[in-house]
Student: 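Have a look at the structure that comes next, please.
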Amino acid sequence: MIVGMIEDLPTVRPSTPLLDSLSTDLDGLGQLESHELVRLAEELRHDLLYSVAGTGGHFGAGLGVVELTVALHHVFNTPHDRIVWDVGHQTYPHKILTGRRDRMGSMRQIEGLSGFPKRSESPFDTFGVGHSSTSISAAMGMALAAQKQGIDRKVIAVIGDGAITGGMAFEALAHAGHERPNMLVILNDNQMSIGHNTGGLATYFAKIWASKTYTALREGSKKILGHVRGAWDLAKKTEEHMKGMVAPGTMFEELGWHYIGPLDGHDLPQLVSTLKVMADLKGPQFLHIRTVKGKGFAPAERDPVGYHAINKLEPAKAAKSAVPVKPKAPKYQDVFGQWLCDLAKVDNRVVGITPAMCEGSGMVQIRQTIP
Ligand SMILES: Cc1ncc(C[n+]2csc(CCOP(=O)(O)OP(=O)(O)O)c2C)c(N)n1
C-alpha cells in the first residue's frame with residue numbers, strides 16, 4: 001500500500017502482528033513462507049513510517065530497502081553471517097527488525113540510537129559507518145578473515161549507486177576481483193544519491209536498465225513480428241541504428257565479478273530466490289537491484305531529494321500539508337552555505353566542492369548563484 005498524504009502517516013503505532021511475533025534474535029524469520037515475508041515487509045514499512053515520523057531522520061533510503069532488509073535477514077543467518085551496509089543511513093528497517101524497535105523513538109538523541117550502524121549497539125551492526133564507499137572493502141576483509149580461520153560465514157555488502165562511485169569502492173572491487181573471496185555485493189540502484197546522480201557511472205547504470213527493457217521488448221516483438229514477412233528484417237535494420245546498448249554488468253564482469261541483474265528490488269519472492277542461489281556460489285558475486293527511494297510514501301517517491309532526511313513530522317499541526325515542520329534555528333550547513341556564497345562573491349578564486357551532496361552541505365545556493 002502507498003501512503004499518500006501526511007494525514008495518512010501513522011500517528012499511533014500501526015497493527016503489526018507478524019512483526020510483533022518475531023524474537024529479537026530473529027529466530028524463526030528464516031522459516032517464514034513467501035506470503036508471510038511480503039506481509040512482514042508491509043508491516044515493517046508501516047512501522048518505519050510511524051517511527052521516523054515521530055523522530056525525524058533519514059527517510060527515503062530506508063523505505064527503499066524494506067524488502068531487501070527482510071530478504072537478507074530471511075536468507076542469511078545473521079548476525080553470524082555479516083551484512084555490511086554502506087553509509088548506513090538506510091538501516092532504520094534493519095534496526096527495527098534486529099531488536100531495537102522499542103528504542104526507535106530515541107533515534108539520534110543523546111543516549112539514544114545512532115542514525116547509522118554502530119557495533120556497540122548490536123551484534124547485527126557489523127561495521128561502524130557514516131562515511132560512504134567503505135562497505136565492499138570491509139566485507140572483503142571479513143570474508144577473507146573467515147576463510148582464513150575456517151569459519152563458514154557469508155558476507156554481504158549493500159551499497160548504493162551513489163556510494164559506489166567513491167574511489168574506495170572501486171579499489172575494493174578491483175582487489176576482490178583479484179583475491180576472489182566468497183562474498184556478495186548488492187548494488188542498490190535507486191538512480192539517486194542524496195541529490196540527483198551525476199557522472200559516467202550513473203549513465204552506465206541507466207544504459208543497463210534501458211538495454212534490459214529493450215531486450216525484453218525485443219524478445220516480445222520477435223515472437224510477434226517473426227510471423228509477419230519482412231517486418232522482422234525491418235525491425236532488425238532499425239535495431240542496428242540503435243546506439244549505446246550494453247550487456248548488463250560487463251564492467252563488473254571484467255573486474256572479476258559474477259554479475260546478476262538488474263532485478264526489481266521490491267519483488268520480495270524473486271529477491272529471496274535469487275539470494276538463496278547466490279548465497280552458495282563461490283567467488284565474488286554481484287547482484288544489481290533497482291529500487292525506488294522513498295517507496296511507499298508518495299511525497300518521498302515524488303521528491304527523493306527533499307525526503308532524503310526529514311525533520312520530525314507533526315501530523316496534527318501540519319494536517320493539510322506534507323511539508324516537514326521548519327526547524328527553529330538555521331542548520332549548520334545553511335550557515336556554512338551562506339558564508340561560502342559571501343566569500344565566493346568577493347573572491348573569485350573560491351570554488352565549492354560538495355561531498356556528492358549539494359543539499360546536505362548547504363551548497364544549493366552557491367550552485368545556483370555562482371555556478
Ligand atoms: C566519504 C563520504 N562522502 C560523502 C558522504 C555523503 N553521502 C552520504 S550518503 C551518500 C550517497 C547516497 O547515495 P546512495 O549510496 O545511492 O544511497 P541512497 O541514499 O540513494 O540509498 C553520500 C555521498 C559520506 N557519507 N561519506
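As the structure lists them, so they are numbered: ligands from 1, and atoms in each ligand from 1. Quick note: residue numbers are just sequence positions, from 1. Note that this is a predicted model, so its numbers are computed, not measured.
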Student: Is a side-chain donor or acceptor of T291 paired with a backbone partner of V65 at a separation under 3.5 angstrom?
Tutor: no
Student: Relative to the ring of W339, is the ring of F336 parallel (under 30°), tilted (30 to 60°) or perpendicular (over 60°)?
Tutor: tilted
Student: In terms of residue, atom name and distance, what is the protein heavy atom nearest to atom 3 (N) of ligand 1?
Tutor: S132 OG, 3.8 Å
Student: Numbering the atoms of ligand 1 from 1, which are under 4.0 Å from a heavy atom of G160?
Tutor: 14 (P), 15 (O), 16 (O)
Student: Do the side chains of V185 and Q285 get nearer than 4.5 Å, heavy atoms only?
Tutor: no
Student: In terms of atom number and element, which parts of ligand 1 are under 4.0 angstrom from non-hydrogen atoms of A356?
Tutor: 23 (C)
Student: Starting at CG of D47, measure out to CD1 of I96 and round the result to the nearest 0.5 Å.
Tutor: 4.5 Å
Student: Parallel, tilted or perpendicular: which one describes the rings of Y259 and F252, with boundaries at 30° and 60°?
Tutor: parallel
Student: Taking atom types as modelled, find out whether D20 and T16 have a side-chain donor-acceptor pair closer than 3.5 angstrom.
Tutor: yes
Student: Under 4.0 Å, heavy atoms only, figure out whether ligand 1 is touched by the backbone of H131, its side chain, both or neither.
Tutor: both
Student: Run the numbers for me: atoms of ligand 1, each under 4.0 Å from some heavy atom of H89, listed by number.
Tutor: 17 (O), 18 (P), 19 (O), 21 (O)
Student: Answer with side chain, backbone, both or neither: which part of Q90 has a heavy atom less than 4.0 angstrom from an atom of ligand 1?
Tutor: neither
Student: Would E67 and K295 pass as an ion pair if we require N to O under 4.0 Å?
Tutor: no
Student: Just need the protein heavy atom nearest to atom 16 (O) of ligand 1, so name the residue and atom and give the distance.
Tutor: G162 N, 2.7 Å
Student: At less than 4.0 angstrom from any non-hydrogen atom of M357, what atoms of ligand 1 do you find?
Tutor: 6 (C), 7 (N)
Student: Taking 4.0 angstrom as the limit and counting only heavy atoms of P355, give me the atoms of ligand 1 inside it, by number and element.
Tutor: 4 (C), 5 (C), 6 (C), 23 (C)
Student: Which one of I194, V129, D86, T134 has a non-hydrogen atom at the shortest distance from atom 9 (S) of ligand 1?
Tutor: I194
Student: Working to the nearest 0.5 Å, report the span between CE of M104 and NZ of K95.
Tutor: 7.5 Å
Student: Identify the protein heavy atom lying closest to atom 25 (N) of ligand 1, giving its residue, its atom name and the separation to 0.1 Å.
Tutor: G130 O, 2.9 Å
Student: Residue-level breakdown please: for N190 versus ligand 1, do any non-hydrogen atoms fall below 4.0 Å on the side chain, on the backbone, on both, or on neither?
Tutor: side chain
Student: Check this for me: does any side-chain nitrogen of one of D125 and R82 sit under 4.0 Å from a carboxylate oxygen of the other?
Tutor: no
Student: Is the shortest distance from a heavy atom of H58 to ligand 1 less than 4.0 Å?
Tutor: no
Student: After noting the C-alpha distance and the side-chain angles of F297 and F59, does the key distance pass the ring pair (Phe, Tyr, Trp, His ring centres under 6.0 Å) rule?
Tutor: CA-CA 10 Å; F297 184 60; F59 194 64; 5.4 Å; yes
Student: If you have a sec, work out which protein heavy atom is nearest atom 12 (C) of ligand 1 and how many Å separate them, to one decimal?
Tutor: S193 OG, 3.7 Å
Student: For atom 15 (O) of ligand 1, which protein heavy atom lies nearest, and how many Å away is it?
Tutor: A163 N, 2.8 Å
Student: With heavy-atom distances below 4.0 Å as the criterion, list the atoms of ligand 1 near A61.
Tutor: 19 (O), 21 (O)
